[in-house]
Structures are given as structure tokens and as C-alpha cells.
A.B. asks: 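Below you will find the structure I want to go over with you.
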Amino acid sequence: MIEQVDDRTWYVKRDADASPEAIIDRFGGGYRLRRFSLHESRRTQHGVYTGREIAETAWWRLRDGRK
């Protein structure tokens, strides 16, 4: 699921009560997907996508090991 943090940031979570696993940021004309970390320097980037839902799908595929 995607949970909105502000007008440019969303968390990717397994469900409403789970901790964030990834962050989606509005970035230029797309949405940047990064692994969640409390430290900005540890947020691994996983690409820029054309939509929030596409970025979320990419996250779950990365987690499941599918390409």
C-alpha cells in the first residue's frame, strides 16, 4: 500500500500498521523509488518511474526477487 506523507512523498508499506519499507518521492517528471532508512545516506535508489503505483509495483518485485 502507498501512504501519503506530504504532497511530494509517499511510504510503501505492507499494510496500514506496518513500518515503511520504501519511499516514493516526486522527482522531476517522475517518481523516485528508494529503500526506506532513517538516514538519508542509506536510502538505496531503485530508479525513477512514471507513476506512484508503478514505483510501488517495482518495489514489491524487487523484494520478491522478480525482474
Side-chain angles (χ1 to χ4, degrees):
M1 76 170 279
I2 301 173
E3 179 181 289
Q4 187 167 2
V5 177
D6 57 34
D7 62 335
R8 300 183 59 84
T9 309
W10 296 264
Y11 288 150
V12 179
K13 300 168 112 182
R14 182 68 61 188
D15 58 50
D17 297 326
S19 298
E21 295 191 29
I23 297 173
I24 300 171
D25 299 304
R26 185 122 175 101
F27 181 75
Y31 296 87
R32 177 176 50 198
L33 175 64
R34 299 182 292 159
R35 180 178 306 275
F36 180 80
S37 173
L38 294 175
H39 303 282
E40 183 74 27
S41 63
R42 293 185 183 167
R43 292 182 180 174
T44 309
Q45 295 190 31
H46 294 290
V48 176
Y49 300 88
T50 57
R52 291 185 311 261
E53 293 80 12
I54 295 169
E56 179 191 19
T57 299
W59 171 253
W60 297 121
R61 286 182 177 169
L62 282 166
R63 291 264 300 150
D64 293 343
R66 293 181 286 169
K67 300 218 177 209

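If you read the sequence from its start, that first residue is 1, and numbering goes on from there. Because the structure is a prediction, the values reported are computed rather than measured.
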A.B. asks: Heavy atoms, side chains only, cut-off 4.5 Å: are R43 and R35 in contact?
C.D. replies: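 Side-chain contact under 4.5 Å: no.
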A.B. asks: Quick check on the hydrophobic clustering: are Y11 and L33 connected, directly or via other members, by side-chain heavy-atom contacts under 4.5 Å?
C.D. replies: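 No.
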A.B. asks: Taking all heavy atoms of A16 and all of M1, pick out the closest pair and write down the distance.
C.D. replies: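 The pair with the smallest heavy-atom distance is N-SD, 3.2 Å.
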A.B. asks: If you measure from CZ on F27 to CZ on R34, what distance do you get to the nearest 0.5 Å?
C.D. replies: 9.5 Å
A.B. asks: Which pair of non-hydrogen atoms, one from R42 and one from S37, has the smallest distance, and what is that distance?
C.D. replies: CB-OG, 3.4 Å
A.B. asks: Taking D6's backbone N and O only, do any of them form a donor-acceptor pair with Q4's side chain (distance below 3.5 Å, no angle check)?
C.D. replies: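 Judged by distance alone, yes, a pair lies under 3.5 Å.
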A.B. asks: Nearest 0.5 Å, please: how far is CZ in F36 from CH2 in W59?
C.D. replies: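 It comes to 11.0 Å.
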A.B. asks: So which heavy atom on I24 is nearest to which on A55, and how close?
C.D. replies: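 Nearest pair, atom of I24 first, then A55: CD1-CB, 3.8 Å.
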A.B. asks: Within the side chain of R32, is there an N or O that forms a donor-acceptor pair under 3.5 Å with the backbone of D25?
C.D. replies: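 Checked: no pair found.
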A.B. asks: List in chain and number order the residues that pass salt bridge (charged side-chain N to carboxylate O under 4.0 Å, His left out) with R52, two or more places apart in sequence or in another chain; answer none if no residue qualifies.
C.D. replies: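 In terms of salt bridge (charged side-chain N to carboxylate O under 4.0 Å, His left out), with neighbours along the sequence ignored, R52 is linked to no residue.
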A.B. asks: Is there side-chain contact between W60 and V12, with at least one heavy-atom pair below 4.5 Å?
C.D. replies: yes
A.B. asks: Is it true that I54 and I2 fall in one hydrophobic cluster, defined by side-chain heavy atoms closer than 4.5 Å?
C.D. replies: yes
A.B. asks: Give the cluster check for I23 versus L62: same hydrophobic cluster or not, with ILVMFWY residues linked at side-chain heavy-atom distances below 4.5 Å.
C.D. replies: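 No: no chain of side-chain contacts under 4.5 Å links I23 to L62.
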A.B. asks: Please name all residues satisfying ring-ring contact (aromatic ring centres under 6.0 Å, His included) with Y31, sequence neighbours left out, ordered by chain then number.
C.D. replies: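 Y31 satisfies ring-ring contact (aromatic ring centres under 6.0 Å, His included) with W10 once adjacent residues are dropped.
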